[in-house]
Number of protein chains: 2
Amino acid sequence: MIRILIAEDQRMLRGALALLLDLEDDIEVVGQACDGQEALSLITTLQPDVCLLDIEMPVKTGLDVTEQLIEIGSITRVIILTTFARPGYFERAIKANVQGYLLKDGPTEQLAESIRRVMKGHREISPELIFGTFKEENPLNAREREILSLSAQGKSANEISSILHLSYGTVRNYISEALNKLDAKNRIEGIRMAEQKGWL
Amino acid sequence: MIRILIAEDQRMLRGALALLLDLEDDIEVVGQACDGQEALSLITTLQPDVCLLDIEMPVKTGLDVTEQLIEIGSITRVIILTTFARPGYFERAIKANVQGYLLKDGPTEQLAESIRRVMKGHREISPELIFGTFKEENPLNAREREILSLSAQGKSANEISSILHLSYGTVRNYISEALNKLDAKNRIEGIRMAEQKGWL
DNA sequence: AGATAGTTATGACAATTGTCATCTGCATAA
DNA sequence: TTATGCAGATGACAATTGTCATAACTATCT
């Protein structure tokens, strides 16, 4: 019997997947979580064989959870299940050594089979992701990401400077540099592009 | 036997819901669509009793489909099933006289029951939506929406002016007016707020 | 005809943004 | 020790953005 845990904030999908997987003879859903924090604590207490993690969840993302599972030496295998084929997400997941990265756009029917294959030691990656997407890595460094994120919340250069204790000019330099790297002609375009690639 | 059609672009959820509903004795999933266009044509040919429509789908949104169903005098009952509790969406759905507006954050278990209740003539609205959200109507007029949308794509005031054949100053007046109505302190904040409310 | 409202335009102003060259410390590698 | 590179900072400039007062031109209603 394969014991699995599902972490997904959208209740309808979580419930449907749990029901669907429980119909399989060899799979048992032992727990459900609606945010990353809950997922982490349930995984450590329940020690399921496999966990299905959404990425964009409240409190902690699925990627955060994955990285922390490694730190504490958990043996639970991780399958990321997300809407987003964003290069940044995929890259981070692969670096965290997940056993699977599936898209919510993929077929329902193969989910159970993917779980079984992961249990046998295979890596399950949605075919859309195997080619192309990986080589596009995030050109922004930590500061640029940080500053662009704040800008994306509508903060002005001045506000950002006082939040981060940097000078006004420095903030603008970082934004300018980020826009240059992204080949965007203004903040708004830059934010759109970075968000769309998962570079935040 | 209640004949239903599911229109939802996320394949995993669509498949899971179909499977789940097919398990009910009195419900039969007669069709599935992955975009609004397909939904519309399947509904007209299959004439299901109820259709479950996602809002944000390719080609046509679920709201577009609903409005067109009214125009052609379809008797299929509509249940909107969406992630978004955005006032703008909800308002438009109610005006189009949908029989149900459920959130994907709601419980899986009650979906089948909601469908049965809709068949009996009830209106099914997610409880989160009943209070508060309705009175917040879109303060932006058509021009303001149009211009803010273009701005959201990263266009400058100058570009927008030549796209819409308006003067540079006029475009900036509209943006200024929109930001004022939204109580936002710059474009980026205004865009975020408007998008979040479904006012686009 | 006069009042009213909606759409578009203009000009002026200040604030913010985007760009660039240059400069300072500081750490670290050769 | 010198060199190199990085994180920040500064100043200057032009372009863009946000705000406001005002006006012209419709169309509509009374």
Side-chain angles (χ1 to χ4, degrees), chain A residues 88 91-92 95 136-200, chain B residues 87-88 91-92 95 135-200:
Chain A
E91 189 189 349
R92 202 172 144 202
K95 282 198 180 133
E136 264 208 271
E137 52 174 288
N138 194 336
L140 306 177
N141 63 36
R143 263 291 188 241
E144 287 157 359
R145 275 199 301 279
E146 197 176 17
I147 288 175
L148 205 59
S149 298
L150 287 168
S151 177
Q153 290 164 40
K155 308 267 188 253
S156 70
N158 221 316
E159 291 171 310
I160 297 175
S161 79
S162 68
I163 291 171
L164 299 181
H165 306 292
L166 290 174
S167 89
Y168 176 63
T170 304
V171 169
R172 288 166 56 207
N173 284 340
Y174 278 117
I175 292 183
S176 182
E177 186 55 29
L179 297 186
N180 184 32
K181 284 180 178 175
L182 293 169
D183 197 23
K185 66 180 182 308
N186 59 46
R187 274 153 139 85
I188 298 179
E189 201 179 61
I191 290 164
R192 273 273 185 277
M193 291 169 109
E195 280 184 343
Q196 192 249 319
K197 300 263 190 180
W199 294 335
L200 214 132
Chain B
E91 189 189 348
R92 203 173 143 201
K95 282 196 181 134
K135 58 180 167 289
E136 267 205 88
E137 53 173 287
N138 195 338
L140 306 178
N141 63 35
R143 263 289 189 242
E144 289 157 358
R145 276 200 301 278
E146 195 176 19
I147 288 176
L148 205 58
S149 298
L150 287 168
S151 177
Q153 289 164 41
K155 308 269 189 247
S156 71
N158 222 315
E159 290 172 309
I160 296 174
S161 79
S162 67
I163 291 171
L164 298 182
H165 307 291
L166 290 175
S167 88
Y168 175 62
T170 304
V171 169
R172 288 167 56 207
N173 285 341
Y174 279 117
I175 292 182
S176 182
E177 188 53 29
L179 298 186
N180 183 32
K181 284 179 178 175
L182 294 168
D183 196 25
K185 66 180 182 306
N186 59 46
R187 273 154 140 86
I188 298 180
E189 203 178 60
I191 291 164
R192 274 274 186 275
M193 292 169 108
E195 281 184 342
Q196 191 249 316
K197 299 261 191 181
W199 294 336
L200 211 125

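Per chain, numbering begins at 1; letters A, B, ... match sequence-line order.
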(request) Go through residues 152-167 of chain A and report each residue with a non-hydrogen atom lying under 4.0 Å from DNA chain C, sorted by number. (result) A:Ser156, A:Ala157

(request) Answer yes or no: does a side-chain N or O of A:Tyr174 lie under 4.0 Å from OP1 or OP2 of D:dG8? (result) yes

(message) Below the 4.0 Å mark, does D:dG8 have OP1 or OP2 next to a side-chain nitrogen or oxygen of A:Arg143?
(response) yes

(request) Evaluate the side-chain proximity of A:Leu182 to A:Trp199: yes if any heavy-atom separation is below 4.5 Å, no if none is. (result) yes

(message) Going by the rule salt bridge (charged side-chain N to carboxylate O under 4.0 Å, His left out), which residues pair with B:Lys181 if we only count those two or more places apart in sequence or in a different chain?
(response) B:Glu144

(request) Would you please name every residue forming a salt bridge (charged side-chain N to carboxylate O under 4.0 Å, His left out) with A:Glu159, sequence neighbours left out? (result) B:Lys185

(message) List the residues meeting side-chain hydrogen bond (donor to acceptor under 3.5 Å, both in side chains) with A:Ser167, not counting sequence neighbours, and say none if there are none.
(response) A:Thr170

(message) Tell me every residue that passes side-chain hydrogen bond (donor to acceptor under 3.5 Å, both in side chains) with A:Glu195, counting only those two or more places apart in sequence or in another chain.
(response) B:Arg192

In whole angstroms, how far is the [atom2] atom of [N] from the [atom1] atom of [X]?
| X | N | atom1 | atom2 | result |
| --- | --- | --- | --- | --- |
| B:Asn186 | C:dT16 | CG | P | 10 Å |
| A:Tyr168 | D:dT10 | OH | P | 13 Å |
| B:Ile147 | C:dT7 | CD1 | P | 11 Å |
| A:Glu146 | D:dG8 | CD | P | 9 Å |
| A:Glu189 | D:dA15 | CD | P | 19 Å |

Please enumerate all residues that pass side-chain contact (heavy atoms from CB on, under 4.5 Å) together with [X], with sequence neighbours excluded.
| X | answer |
| --- | --- |
| A:Ile175 | A:Ile147, A:Val171, A:Leu179, A:Arg187 |
| A:Glu146 | A:Arg143, A:Leu164 |
| A:Asn186 | A:Ile188, A:Glu189 |

Dump every N/O contact between nucleotides 19-22 of chain D and the protein below 3.5 Å, one line per pair.
| from | atom 1 | to | atom 2 | distance (Å) |
| --- | --- | --- | --- | --- |
| D:dT19 | OP2 | B:Ser176 | OG | 3.3 |
| D:dC20 | N4 | B:Asn173 | OD1 | 2.8 |

